[in-house]
Every structure is written in structure tokens, then in C-alpha cells.
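So you know, we letter chains A, B, ... as the sequences are listed, proteins then strands, and number each from 1. All values derive from a computational prediction rather than experimental measurement.
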Amino acid sequence: MRHWLFKSEPSAFSWDDLWAAPRRTTNWSGVRNYQARNFLRDEIKKGDLVLFYHSSAEPTAAVGVAEVTREGYPEDPKDPTWYQVDVTAREPFTTPVTLAAMRKERALADMVLLKKGSRLSIQPVTPDEWRLIAKLGRRSRPKDALPPLTR
DNA sequence: GCCAACGTTGGC
DNA sequence: GCCAACGTTGGC
């Protein structure tokens, strides 16, 4: 099982939009970059986990975990140039992991997200990076609390 | 709003 | 195949 980070501008589609969607699921479409397309088409598998990242937001941050529930399929079956997957929201972070917080972690220095000029909207995350970000995202969650509302 | 960095397009 | 021009991304 692999890990990924998907960017979305919350003004276009936010974590809360995904959480509110039927079956908390959406088709992740509209990606128009070939490297990201190749991930969607060839490498992202059902059961992979996704960090949902808010770009162009205040703050920019990873805000929750989603799961890939359908592998890559063409947006248009007659012209299989662009691919989509389905993702289902699994867990909102109790504490969003901001871009600034990630930059402070030496262990995350090599993250694709943090590379200068990097703007890939679908990117791989290593298991170590995932572990740390998930840990940061789950801070301060009372043991016996219900999953929090996202807003 | 600014602008650096990037990806794509198209003339040659 | 080169590369300038252009449009977009996304942090600040």
C-alpha cells in the first residue's frame, strides 16, 4: 500500500466538501499534468491512502486522510487521455498539519511538497513522511472523543 | 496582488 | 529540436 498527497484549493473543493459528499466519496478529476496523470493511471491503487492538502488557503495544510476506493479510469472513455480515481474521506485531522509546520520537520525536508518550485498536484509520500504527518495531525485528540465535526 | 517556478505551445 | 512567449500554480 502506498501513500500520496492530493492538492486541492478549498475554494474549489475542500475537505468539508468531500466529507459532505455522498458516501464521503468523489471522483478526483480535472488533473491536467502528465506526471500527475501517470500516477493516477498507473500507480495509485485501491486501498492507497491520501493526504488531503489545502493549497492557496489560510493556512495551507494537510487536513485529513482519504482512501482510494476506485483505481484509475478515464474521464472520457472515448479519449483516454486524462484519468481520475475515486477517493473516500476517512479521517479529518484534529490538528491540520500546516505547510509551515512541515517545513520545521527535518525528517520532511525531502518531501516533494517542500521542494522549491514543486507544484505537482498528485505526489507520492514515503511511509516515514506519512507516519510523522499522521502523528502530527492526530495531536490533542481525546482518547474517548467521537470523530470531530470538521467545522 | 505579486511574482518565481514550472509546463505547454508554436514558430522557426 | 530549440527556445521564447505565454498561461498556470501556489506561496507569500
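- Residue A:Arg32 is out of contact with every strand shown, counting any heavy-atom pair closer than 4.0 Å.
- Sorted by residue number, the list of members of residues 54-62 of chain A with any non-hydrogen atom under 4.0 Å from DNA chain B is empty.
- Applying the salt bridge (Lys or Arg N to Asp or Glu O under 4.0 Å) test to A:Glu43 and every residue at least two apart in sequence or in another chain returns A:Arg2.
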Would you give me the side-chain donor-acceptor pairs under 3.5 Å for residues 63-72 of chain A, sequence neighbours excluded?
residue : atom : partner : partner atom : Å
A:Glu67 : OE1  : A:Arg90 : NE           : 2.8
A:Glu67 : OE1  : A:Arg90 : NH2          : 3.2
A:Thr69 : OG1  : A:Thr88 : OG1          : 2.9
A:Glu71 : OE2  : A:Lys46 : N            : 3.1

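- In the region residues 114-126 of chain A, proximity to DNA chain C at under 4.0 angstrom, judged on heavy atoms, holds for A:Arg119.
- If you chain together ILVMFWY residues whose side-chain heavy atoms come under 4.5 Å of each other, A:Tyr34 ends up grouped with A:Trp82.
- The end-to-end axis angle of the helix from B:dG1-C:dC12 to B:dC12-C:dG1, rounded to 10 degrees and based on five pairs per end, is 10°.
- Pairs of residues two or more places apart, or lying in two chains, that qualify as side chain to side chain donor-acceptor pair (under 3.5 Å) and include a residue from residues 47-61 of chain A are A:Trp4-A:Asp48.
- In this structure, A:Asp17 and A:Pro10 approach most closely via the heavy-atom pair OD2-O, 4.3 Å.
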List the atom pairs, donor and acceptor, that lie under 3.5 Å between side-chain atoms in residues 99-121 of chain A and the rest of the protein, sequence neighbours left out.
residue  : atom : partner  : partner atom : Å
A:Ser118 : OG   : A:Val112 : O            : 2.9

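- Listed by chain and residue number, nothing satisfies the ring-ring contact (aromatic ring centres under 6.0 Å, His included) test with A:Tyr83 (two or more places apart in sequence, or in another chain).
- Of all non-hydrogen atoms in A:Tyr73 and A:Asp86, the two that sit nearest each other are OH-OD1, 2.6 Å.
- The salt bridge (Lys or Arg N to Asp or Glu O under 4.0 Å) search around A:Asp128 returns A:Arg131, not counting sequence neighbours.
- Of all heavy-atom pairs spanning A:Ser8 and A:Trp28, the tightest one is CB-CH2, 3.8 Å.
- Residues satisfying the salt bridge (Lys or Arg N to Asp or Glu O under 4.0 Å) test with A:Arg32, not counting sequence neighbours, are A:Glu75.
- Read 5' to 3', the first and last nucleotides of DNA chain C with an atom closer than 4.0 Å to a heavy atom of chain A are C:dG7 to C:dC12.
- Shown here for A:Ala36 and A:Asn33, the closest heavy-atom pair between the two residues is N-OD1, 2.9 Å.
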